[in-house]
Protein chains: 2
Amino acid sequence: MNAPETIKLLRTQSLTNLVHEELERRIAAGQLLPGTPLREASIATDLGISRGPVREAFRMLEERGLVEFEKNCGVRVRQLDLEQAMQIYQVRIPLEALIGELVAHRLTPETHASLQQVVEQMRLTVTRQDIPCYTELNFLFHDLLAKYTANPSLYDTYRRLVVQLKLFRSYTFRHNPETIALSLQEHQTIFETIAARDIAASKALLRQHAQDSLIRLQAASQSS
Amino acid sequence: MNAPETIKLLRTQSLTNLVHEELERRIAAGQLLPGTPLREASIATDLGISRGPVREAFRMLEERGLVEFEKNCGVRVRQLDLEQAMQIYQVRIPLEALIGELVAHRLTPETHASLQQVVEQMRLTVTRQDIPCYTELNFLFHDLLAKYTANPSLYDTYRRLVVQLKLFRSYTFRHNPETIALSLQEHQTIFETIAARDIAASKALLRQHAQDSLIRLQAASQSS
DNA sequence: CTATTGTAAATTGTCAACAATATGCAATAT
DNA sequence: ATATTGCATATTGTTGACAATTTACAATAG
């Protein structure tokens with residue numbers, strides 16, 4: 001690692017932030033399942049640090065709705081039931097509509113190219129039936145849309161909700177060769193509508209897309 | 001203080017939570033102005049505790065978007081410019097619409113009575129021209145609406161945005177005898193529409209109400 | 001055998017001390 | 001006079017230790 005990079009790291013990164021990022025990553029990736037207790041001392045010694053920064057990271061995760069404190073009993077990864085997941089979706093739906101409007105309105109050559117690239121990669125994963133990779137690109141596509149609204153508050157609010165949704169067990173939709181092709185089609189249409197800068201249509205499409213996801217979530221959780 | 005209360009406090013409250021609540025209260029009340037540096041040691045000794053819980057509270061406030069860390073330089077109350085305030089409003093507007101729908105749909109005799117009481121109190125403050133008190137009741141009215149949607153995620157998301165807006169200097173609208181009467185009229189109409197359980201009208205009214213607030217915010221900040 | 005009590009281990013809550021970094025100011029050199 | 005260097009002070013970042021609470025389990029009484 002070169003000197004300027006190291007300096008920048010030391011100037012910006014604290015142990016607290018590192019722990020926070022690492023734990024959030026593990027939770028979002030499903031490595032730390034909802035309900036798992038997180039013990040300060042264990043995490044601290046694993047990372048070779050003291051308990052202070054771990055506790056600070058816990059407080060940040062608590063505010064993000066990813067873990068829950070129970071005084072004197074410790075911290076556990078938050079568990080979401082179907083009702084809570086549906087409530088989050090209820091908030092997400094109008095935000096997706098807003099994202100559709102703004103991203104279509106604010107589209108630049110750079111963001112257009114970036115979105116196009118992701119859709120193209122999605123097409124390739126469908127061709128080779130790489131469902132896990134498709135799922136990741138799906139998240140990325142929607143994350144980029146939120147980012148390209150150029151509204152940090154919207155992006156932040158949106159991300160909060162999406163990360164919390166990962167605490168619901170059957171959130172990640174189990175794609176099969178049939179549904180994945182339909183999903184690809186839908187995302188291509190969304191991209192084209194945004195690329196055409198059709199604000200009203202983008203808004204309607206993304207709202208409907210979120211509503212459909214909610215329906216699938218209900219169906220999936222009732223069948224299991 | 002009686003024993004059961006004390007026990008409940010000890011079982012649930014930690015120093016971290018107390019510090020967090022106290023600081024958030026001071027920030028929201030405008031006692032700690034945007035840009036103010038917060039020194040750990042000073043706050044700790046003021047409250048008669050050590051720096052640990054204060055740091056944890058800082059991390060929580062950071063995640064709520066109320067303070068900002070600068071490594072090795074400390075924490076300051078976050079400052080919002082007009083653009084950021086408008087971006088927050090952009091998110092708030094569709095949420096207000098959703099609140100209108102849900103609160104009209106979910107209205108119970110209890111919530112109805114509670115809202116009616118607040119509107120009545122607002123009327124009294126207008127009669128006696130108590131503008132600060134009216135402003136407080138105004139916040140309370142909208143907070144209750146969000147709460148009565150019975151969607152904790154929506155309430156949480158909404159509160160985040162509203163608290164952050166208080167970081168913008170000219171957020172609290174300066175009422176005068178003319179505008180306060182108009183505002184009261186508007187809130188009475190909102191209440192009546194919700195009481196009539198007119199979902200579509202409640203949605204439209206609250207969206208428009210939020211949009212009008214945004215316009216006033218722009219006007220107020222340009223004139224100052 | 002069941003229920004209760006007591007005790008030990010583990011874990012969290014809090015604190016105080018140490019290390020590292022930034023800030024302000026005086027001294028010096030150009 | 002201005003800029004730079006060096007030092008003292010203040011503040012944050014991190015750590016390890018102590019206090020308080022919970023949990024698990026064994027011992028005891030009924």
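Fair warning: this is a prediction, and the values are worked out from it, not measured in the lab. So you know, we letter chains A, B, ... as the sequences are listed, proteins then strands, and number each from 1.
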Taking the nucleotide of DNA chain D with the nearest heavy atom to each, does B:L10 or A:G52 sit closer to the 5' end?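 Counting from the 5' end, the first nearest nucleotide belongs to A:G52.
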Can you find a heavy atom in the side chain of [X] that is under 4.5 Å from one in the side chain of [Y]?
X: B:F58; Y: B:I43; value: yes
X: B:I27; Y: B:L167; value: yes
X: A:Q218; Y: A:I215; value: yes
X: B:C133; Y: B:T135; value: no

Going by number, which of residues 19-27 of chain A have a non-hydrogen atom under 4.0 Å from DNA chain D?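 None - not one residue of the stretch has a heavy atom sitting under 4.0 Å from the strand.
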Of residues 36-46 of chain B, the positions that come close to DNA chain D - non-hydrogen atoms, cut-off under 4.0 Å: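 Heavy-atom cutoff 4.0 Å gives B:L38, B:R39, B:E40.
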In this structure, how many angstroms lie between the C1' atom of D:dA19 and the CD1 atom of B:I49, rounded?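 Spelled out: CD1 on B:I49 to C1' on D:dA19 is 16 Å.
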For atom CG of A:L15 and atom C1' of D:dT15, their distance in whole Å: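 So the two atoms are 10 Å apart, to the nearest Å.
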Judged by atom type as modelled, is there a donor-acceptor pair below 3.5 Å linking the side chain of B:T111 to the main-chain atoms of B:L107?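 Not at all, since once roles are kept as given, no pair shorter than 3.5 Å links the two residues.
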Partners of [X] by side chain to side chain contact (heavy atoms under 4.5 Å, CB included), sequence neighbours excluded?
X: A:Q90; result: B:L98, B:L102, B:N151
X: A:P152; result: B:Q87
X: B:Q117; result: none
X: A:D46; result: A:S42

Got a sec, which pairs hit side-chain hydrogen bond (donor to acceptor under 3.5 Å, both in side chains) with one end in residues 66-83 of chain B, sequence neighbours left out?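 Non-adjacent pairs meeting side-chain hydrogen bond (donor to acceptor under 3.5 Å, both in side chains): B:R78-B:Q164.
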Hey, are B:R59 and B:E56 close enough for a salt bridge, meaning a charged N less than 4.0 Å from a carboxylate O?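 Salt bridge flag = no for B:E56 with B:R59.
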A:R25/A:E21 salt bridge by N-O under 4.0 Å criterion: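 No, no charged N to carboxylate O under 4.0 Å.
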Which of residues 58-73 of chain B sit near DNA chain C, with a heavy atom under 4.0 Å from it?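 Contacts with DNA chain C under 4.0 Å: B:N72, B:C73.
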Would you mind listing every salt bridge (charged side-chain N to carboxylate O under 4.0 Å, His left out) that reaches into residues 109-119 of chain B, with sequence neighbours excluded?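 As it turns out, there is no salt bridge (charged side-chain N to carboxylate O under 4.0 Å, His left out) pair with a partner in residues 109-119 of chain B once direct neighbours are skipped.
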Bounds of contact between DNA chain C and chain A, in 5' to 3' order, using a heavy-atom cut-off under 4.0 Å: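 The contact span of chain A on DNA chain C goes from C:dT11 to C:dA22.
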According to salt bridge (Lys or Arg N to Asp or Glu O under 4.0 Å), who are the partners of B:D143, at least two apart in sequence or on a separate chain?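 Partners of B:D143 by the salt bridge (Lys or Arg N to Asp or Glu O under 4.0 Å) criterion, ordered by chain and then number, come out as B:R159.
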For the helix from C:dC1-D:dG30 to C:dT30-D:dA1, what angle lies between the axis at the first five pairs and the axis at the last five pairs, to 10 degrees?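 Terminal axis comparison yields 0°.
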Taking the nucleotide of DNA chain C with the closest heavy atom to each, which residue, A:R11 or A:V75, is nearer the 5' end?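 In this pair, the answer is A:V75.
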Once the angle between the rings of B:F141 and B:H187 is folded into 0 to 90°, is it parallel (under 30°), tilted (30 to 60°) or perpendicular (over 60°)?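 Aromatic pair B:F141/B:H187 classed perpendicular.
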